[in-house]
Amino acid sequence: MLKLFKITGYLEALSAIALFFIAMPMKYIWEDPTWVTHVGRIHGGLFIAYIVLVYILKEKYNWSWKIFAIFFVAAIIPGGTIWAEKRLIEGKKYKQQLAENETK
């Protein structure tokens with residue numbers, strides 16, 4: 001489940017960056033809204049999938065609401081999901097907690 005979460009986080013971050021730095025300039029500079037429509041839908045779906053996965057993992061690993069909030073806010077910031085994953089999932093403190101919860 002964590003692997004799916006990491007992959008979804010990376011894809012969500014990439015889609016946000018593509019939306020803000022490729023699709024939106026295409027819309028406002030070259031007046032072509034097609035990119036925003038398609039990339040926006042993809043990004044929206046990945047955002048929702050990411051938030052659902054955060055909630056599922058919160059319940060599975062007994063994360064606090066603070067951790068949930070950090071992941072949620074990170075999803076709003078372009079590239080924030082990658083930072084949050086590296087900081088919290090790969091961080092020493094939480095890595096040990098995850099290992100303990102996996103054995104239960």
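Treat the numbers as computed from the prediction; the structure is a model and nothing was measured.
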S.K.: Give a yes or no on this: more than 12 heavy atoms of other residues, nucleotides or ligands lie within 6.0 Å of atom CD of E59.
M.R.: yes
S.K.: Within this structure, what is the CZ-OG1 distance for the pair F47 and T8, rounded to the nearest 0.5 Å?
M.R.: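 Reported value, rounded in 0.5 Å steps: 13.0 Å.
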S.K.: Could you tell me whether the side chain of W35 reaches within less than 4.5 Å of the side chain of M24, counting heavy atoms only?
M.R.: no
S.K.: With the 4.5 Å side-chain cut-off for hydrophobic clustering, are L11 and F21 part of the same group?
M.R.: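 Different clusters.
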S.K.: Measuring only between side-chain heavy atoms, which start at C-beta, is F68 closer than 4.5 Å to L57?
M.R.: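 No; the side chains remain at least 4.5 Å from each other.
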S.K.: To the nearest 0.5 Å, what is the distance between CZ (R87) and CZ (F71)?
M.R.: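 Those atoms lie 11.5 Å apart.
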S.K.: Please name the pair of heavy atoms, one in V39 and one in S15, separated by the smallest distance, quoted to 0.1 Å.
M.R.: CG1-O, 3.9 Å
S.K.: Would you say I67 and I56 are hydrophobically clustered, going by side-chain heavy atoms of ILVMFWY under 4.5 Å?
M.R.: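 Linked, I67 and I56 end up in one cluster.
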S.K.: Enter the distance from K6:NZ to I82:CD1 here, rounded to the nearest 0.5 Å.
M.R.: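 One gets 12.5 Å once the value is rounded to the nearest 0.5 Å.
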S.K.: In Å, rounded to the nearest 0.5 Å, how long is the span from CE of M1 to CG of L53?
M.R.: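 Reported value, rounded in 0.5 Å steps: 6.5 Å.
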S.K.: Quick check: closest heavy atoms across I51 and A75, and the distance to 0.1 Å?
M.R.: CD1-CB, 4.1 Å
S.K.: Would I76 end up clustered with Y55 when hydrophobic side chains under 4.5 Å apart are linked, directly or stepwise?
M.R.: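 Shared cluster, yes.
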S.K.: Heavy-atom distance under 4.5 Å between the side chains of L88 and W63, does that happen here?
M.R.: no
S.K.: Quick one: closest heavy-atom pair of A84 and A74, and the distance?
M.R.: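 Looking at all heavy atoms of both residues, the shortest contact is CB-CB, 3.6 Å.
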S.K.: Please step through side chain to side chain contact (heavy atoms under 4.5 Å, CB included) for the pair W83 and I70, ending with a clear verdict.
M.R.: CA-CA 10 Å; W83 171 85; I70 290 169; 4.2 Å; yes
S.K.: From L19 CG over to R41 CZ, what is the distance, rounded to the nearest 0.5 angstrom?
M.R.: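 If I round to the nearest 0.5 Å, the distance is 13.0 Å.
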S.K.: Is there a path from I7 to I42 through hydrophobic residues (I, L, V, M, F, W, Y) whose side chains come within less than 4.5 Å of each other?
M.R.: yes
S.K.: Hey, quick one: are L4 and V52 part of the same hydrophobic cluster, counting side-chain heavy atoms closer than 4.5 Å, chains of contacts allowed?
M.R.: yes
S.K.: Please report the interatomic distance CG(L46) to OH(Y50), rounded to the nearest 0.5 Å.
M.R.: 12.0 Å
S.K.: Using the rule given for side chain to side chain contact (heavy atoms under 4.5 Å, CB included), can you reason through K58 versus W65, listing the C-alpha separation, both sets of side-chain angles and the distance that settles it, and then say yes or no?
M.R.: CA-CA 8 Å; K58 179 206 172 303; W65 282 104; 3.3 Å; yes
